[in-house]
Amino acid sequence: MATPTPLREPTFLILTALARESMHGYGIISDVAALSGGRLALRPGTLYGALDRLTDEGLVERDHEEVVEGRLRRYYRLTEAGRSVLTAETERLRRNVEAASQRLRARPTGVPAVGGTSRGRLNLPGAAARPILRPTGGPA
C-alpha cells in the first residue's frame, strides 16, 4: 500500500513526533497534541490503527517494548523510508507556504481582490454594487 501524497495532517504529525526519537503510544498522542497546538487530539484506537498502517507501509517500525507498572509499552520509531517521506512532505509544504507568502507580500495593502472589496460587496462591471446577503435565523 502506497502512502498518499499529500499526507493527511494526523499522519504528518505522527511522523513528525517520531522524527526525533522513538516513542510509545501515549507519548505520540501527547506530542501530536502539542505539535498541533491542541487542535488534534488522537484517540488510542485511531493512533494504533495509523501506526499499524504506517508499519505496513514501512514508514514506522516497532523499536522495543518495556513493562511499566505492569503494562506493556511498545515504542515505535521512524524508518529511513519514513524519514524520506516526511522530508519530502515538509519540502512540499515549505514550497506552498513560500508561494502563498510571496503572493501575500506582492499584493499592496488596502487593494481589494479582483471582483470584491473588503466590505463584502462585489464590484461587477455594469452592475450596481450590492451587499452579499447571508441567511439569518431559521431552525437550529
Side-chain angles (χ1 to χ4, degrees):
M1 179 188 281
T3 302
T5 301
L7 296 178
R8 293 179 49 223
E9 185 177 22
T11 301
F12 178 79
L13 291 174
I14 290 168
L15 296 178
T16 300
L18 293 171
R20 185 174 44 200
E21 62 186 343
S22 66
M23 301 178 88
H24 57 78
Y26 182 74
I28 296 169
I29 288 171
S30 298
D31 209 25
V32 164
L35 288 166
S36 69
R39 287 181 305 101
L40 187 60
L42 292 176
R43 294 183 178 185
T46 302
L47 172 67
Y48 288 107
L51 287 170
D52 287 344
R53 178 181 53 81
L54 293 169
T55 298
D56 290 346
E57 293 172 0
L59 304 180
V60 167
E61 63 188 4
R62 291 180 182 167
D63 187 38
H64 66 279
E65 296 176 344
E66 66 182 15
V67 177
V68 176
E69 297 178 8
R71 297 188 67 186
L72 181 67
R73 280 190 181 165
R74 182 170 291 141
Y75 286 75
Y76 295 85
R77 71 174 168 224
L78 202 58
T79 63
E80 282 306 311
R83 187 169 299 284
S84 293
V85 166
L86 181 59
T87 299
E89 181 67 355
T90 301
E91 180 59 24
R92 185 189 71 78
L93 291 170
R94 187 200 61 73
R95 286 190 312 268
N96 287 347
V97 167
E98 183 56 33
S101 297
Q102 286 177 1
R103 293 282 176 108
L104 288 168
R105 284 190 303 267
R107 182 172 168 204
T109 55
V111 175
V114 174
T117 71
S118 60
R119 294 188 188 103
R121 297 177 184 259
L122 292 177
N123 294 325
L124 301 174
R130 295 184 201 150
I132 297 173
L133 301 177
R134 292 182 176 84
T136 59

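Residue indices begin at 1 and follow the sequence shown.
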Nearest 0.5 Å, what's the OG1-CG distance between T16 and L35? 6.5 Å
Donor-acceptor pair, side chain of T79 and main chain of E61, under 3.5 angstrom: no
Is the shortest heavy-atom distance from the side chain of L59 to the side chain of L86 under 4.5 Å? no
Using a 3.5 Å distance criterion without hydrogens, assess whether the side chain of E89 forms a donor-acceptor pair with backbone atoms of L7. yes
Tell me whether the count of non-hydrogen atoms from other residues, nucleotides or ligands lying under 6.0 Å of CD in E66 goes above 12. yes
Interatomic spacing from CG in L13 to CZ in R8 - rounded to 0.5 Å: 11.5 Å
Roughly how far apart are L78 CG and L15 CG, rounded to 0.5 Å? 6.0 Å
Strictly by ring pair (Phe, Tyr, Trp, His ring centres under 6.0 Å), give each pair with a member in residues 7-38 just once, sequence neighbours left out. H24-Y75
List the steps and the verdict of side-chain contact (heavy atoms from CB on, under 4.5 Å) for R62 and T55. CA-CA 8 Å; R62 291 180 182 167; T55 298; 5.5 Å; no
Could you name each residue pair satisfying side-chain hydrogen bond (donor to acceptor under 3.5 Å, both in side chains) that touches residues 33-52, not counting sequence neighbours? E9-R39
Rounded to the nearest 0.5 angstrom, the CD1-OH distance for I14 and Y76 is 11.0 Å
Hey, what do you get for CG (D56) to CG (L51), rounding to the nearest 0.5 Å? 11.0 Å
Run the numbers on T11 and R53 for side-chain contact (heavy atoms from CB on, under 4.5 Å), then give the verdict. CA-CA 10 Å; T11 301; R53 178 181 53 81; 2.9 Å; yes
Closer than 3.5 angstrom, by distance alone: can the side chain of R83 be matched with the main-chain N or O of A19 as a donor-acceptor pair? yes
Closest approach of A81 and G58, non-hydrogen atoms and distance? CB-O, 3.6 Å
Which heavy atom of V32 sits nearest a heavy atom of A17, and at what distance? CG2-CB, 4.4 Å
Smallest heavy-atom separation, P10 atom then L40 atom, equals CA-CD2, 3.7 Å
Nearest heavy atoms of V60 and L18, plus distance in Å: CG2-CD1, 3.9 Å
Looking at E65 and R73, is any side-chain nitrogen of the basic one under 4.0 Å from a carboxylate oxygen of the acidic one? no
Between E98 and R94, does the salt bridge (charged side-chain N to carboxylate O under 4.0 Å, His left out) criterion hold? Intermediate values first, please. CA-CA 6 Å; E98 183 56 33; R94 187 200 61 73; 5.4 Å; no
